[in-house]
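Read the structure below first, then the notes.
These numbers come from the heavy atoms of this one structure, side chains and all, not from hydrogens, waters or symmetry mates. Convention: sequence-line order gives letters A, B, ...; per-chain numbering from 1.
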Amino acid sequence: MDLQLSEQEIFRREALAAMRNSGINPYPADQVPVNFLSKTIKSEFPTTPENFSSVCVAGRIMTKRIMGKASFVSIMDSSGRIQGYINRDIICPKEDKTLYNDVFKKQLDIGDFISLEGHVFTTKTGEISVHVSHMKVLSKSLKPLPVVKTDSEGGTHDAFTDPELRHRQRYVDLIVNEGVKDVFVKRTKVFNSMREVFNNEGYLEVETPILQSIPGGAAARPFKTHHNALDIPLYLRISNELYLKRLIVGGFDGVYEFAKDFRNEGMDRTHNPEFTILEIYVAYKDYKWMMDFTEQMFENITHKITGSEKISFDGKTINMAAPYARVPILEAIKTHTGHDLLGKSEKEIKSIAESIGIEVSAEMGKGKLIDEIFGEKCEKHYTQPTFITDYPVEMSPLCKKHRDDDRLTERFELFINGTEIANAYSELNDPIDQRERFEEQLRLLEKGDDEAMFVDQDFLRALEYGMPPTSGMGIGMDRLVMLLTGKTSIQEVLFFPQMRQEKAE
RNA sequence: GACUCGAUAGCUCAGCUGGUAGAGCAAUACACUUUUAAUGUAUGGGUCCUGGGUUCGAGCCCCAGUCGGGUCACCA
């Protein structure tokens, strides 16, 4: 699509041709005998200089400083940057100075990949550098990178900041913006440390279908697609919950999946159409156990990722150390609105909601009303990790009724910084109760609630074979990563957030 | 979806009351054998997001659209 080349792009193509004319392959095929990362050299050279008499590093040129017959070049590898000192008469010991005068000085640009071989030394100004004896071109770059500079006080100049460009061209963002890579490395560390916790408990990581004919397990609008050979409609999953419970029926004691889910809804700072939820189901446990398990895990992974139990987010300090407060939802509503909703009818709750300024509509059932009141008046108060528990039965069609009060369920949601991070149940395993709950959802569906759940007959059949008491939880991984990396936008923790097409054609 | 702000050189931005477009970095050329936001001198580089309109004249004003940010709504 780049029919029109900029001046700089033309210069780079000319440099590419010139390089070939000098007998240099700008895209060689051979392996590069890299034996050190820049980070290792910088951290270990001061104590064991004898190990660095013959190093080979490779990376992308980030700056070039030419001072006549000697030059400095900074290259960036996966671990950071290192400087090379390039002296004309050292890399060109014979008559022919082409490699220095033409290739290095003129044909190599910021963005090109090179390898440097030589010994490590410290320059007059104290920077650990590679004293280069051999330089090789590894790959020519044809597009100019944004040049971000950092001054001696650590200030950044000419930062590459346009969010559209940063997200569309994440590869450029990763190259030039310090700290971006780190967010994604942390993201993977979060996943890995949770995996470690689950695997140590003996839980099995599994995979379940993404293409589902009944999009179940959550209240959300699905993406619809079509299978040609079967000639049937299929949906991208909005949740994997019902499949993981089938596996508990099948006899696994603990299963988990880091699941990409897809919801065909609005996008904003905390929603992307595809996102990742960790779902875990453990047999013979209840939601109280899950709270203990969760707060312990969150304390551990926070420490592992950030080095502390305390995180700062958006100017607030959040203490992730266990234990977390446990507040029944109706208590929370009582505290923040003064209204006790326990035992109140749908009509009474509706008028209370209206009286405190909440917009209500005809198709809102009891569960939805309570959800609205909590969402509007309460959740923002829970900055520190708090388990909100015992949701009304109408809000939780897949959750077991509360052992002490059958108007409530054994459910918790974990709120941190006013946002829901986790949602967990003592899973409903009474197949007759489950069928009735589905039928209630069907009535809501007919009433026009387009988020009500579909009836999944095969899931009911599985429950009829018997499922042990089980506790299950879902954790919004993207939001958890946001929290642990201090990012306020989901786009900052996804490599490739959803965006509109760049060009109309 | 609503409101709002924005889009100008490769990047970050400036651009007066409407009078043919500017800076820093990057680029090109030259100088410079330990620099580091290297430096000095010179030079080139523009579909001012797109399409209409007003005007003698539009980067600037008006209308429509595209893409993005923010806020809200929807939604976990």
Return the set of residues passing side chain to side chain contact (heavy atoms under 4.5 Å, CB included) with His336(A) (not counting sequence neighbours), or none when no residue passes. Cys378(A), His381(A), Tyr382(A)

Excluding sequence neighbours, so at least two apart, what forms side chain to side chain donor-acceptor pair (under 3.5 Å) with Glu295(A)? Arg326(A)

Distances under 3.5 Å between protein N/O atoms and the N/O atoms of nucleotides 9-13 of chain B, please, pair by pair.
unit_1: G10(B); atom_1: N9; unit_2: Gln8(A); atom_2: NE2; d: 3.4
unit_1: G10(B); atom_1: N7; unit_2: Gln8(A); atom_2: NE2; d: 3.2
unit_1: U12(B); atom_1: OP1; unit_2: Asp162(A); atom_2: N; d: 3.3

Nearest-nucleotide 5' precedence on RNA chain B, Gln491(A) against Glu413(A): Gln491(A)

Which residues satisfy the side chain to side chain contact (heavy atoms under 4.5 Å, CB included) test with Lys181(A), sequence neighbours excluded? Leu174(A)

Counting only heavy atoms and a strict 4.0 angstrom limit, can you tell me which residues of residues 70-78 of chain A come near RNA chain B? Ala70(A), Phe72(A)

Not counting sequence neighbours, which residues clear salt bridge (Lys or Arg N to Asp or Glu O under 4.0 Å) with Glu127(A)? List them please. none

Residue pairs involving residues 162-171 of chain A (criterion salt bridge (Lys or Arg N to Asp or Glu O under 4.0 Å); sequence neighbours excluded): Glu164(A)-Arg168(A), Arg166(A)-Asp173(A), Arg166(A)-Glu492(A), Arg170(A)-Asp173(A)

If pairs are Watson-Crick or G-U with both distances under 3.5 Å, what is the dot-bracket string of RNA chain B, marking crossing pairs with [ ] and pairs to another strand with |? (((((((..((((.....[..)))).(((((.......))))).....(((((..]....))))))))))))....

Going by the rule side chain to side chain donor-acceptor pair (under 3.5 Å), which residues pair with Lys245(A) if we only count those two or more places apart in sequence or in a different chain? Glu241(A), Glu427(A)

Are there more than 12 heavy atoms of other residues, nucleotides or ligands under 6.0 Å from atom CD of Glu354(A)? yes

Pairs meeting criterion salt bridge (Lys or Arg N to Asp or Glu O under 4.0 Å) with involvement of residues 77-96 of chain A, two or more places apart: Asp89(A)-Lys97(A)

Quick one: list whatever passes salt bridge (Lys or Arg N to Asp or Glu O under 4.0 Å) with Arg269(A), sequence neighbours left out. none

What pairs with Lys350(A) under salt bridge (Lys or Arg N to Asp or Glu O under 4.0 Å), at least two apart in sequence or on another chain? none

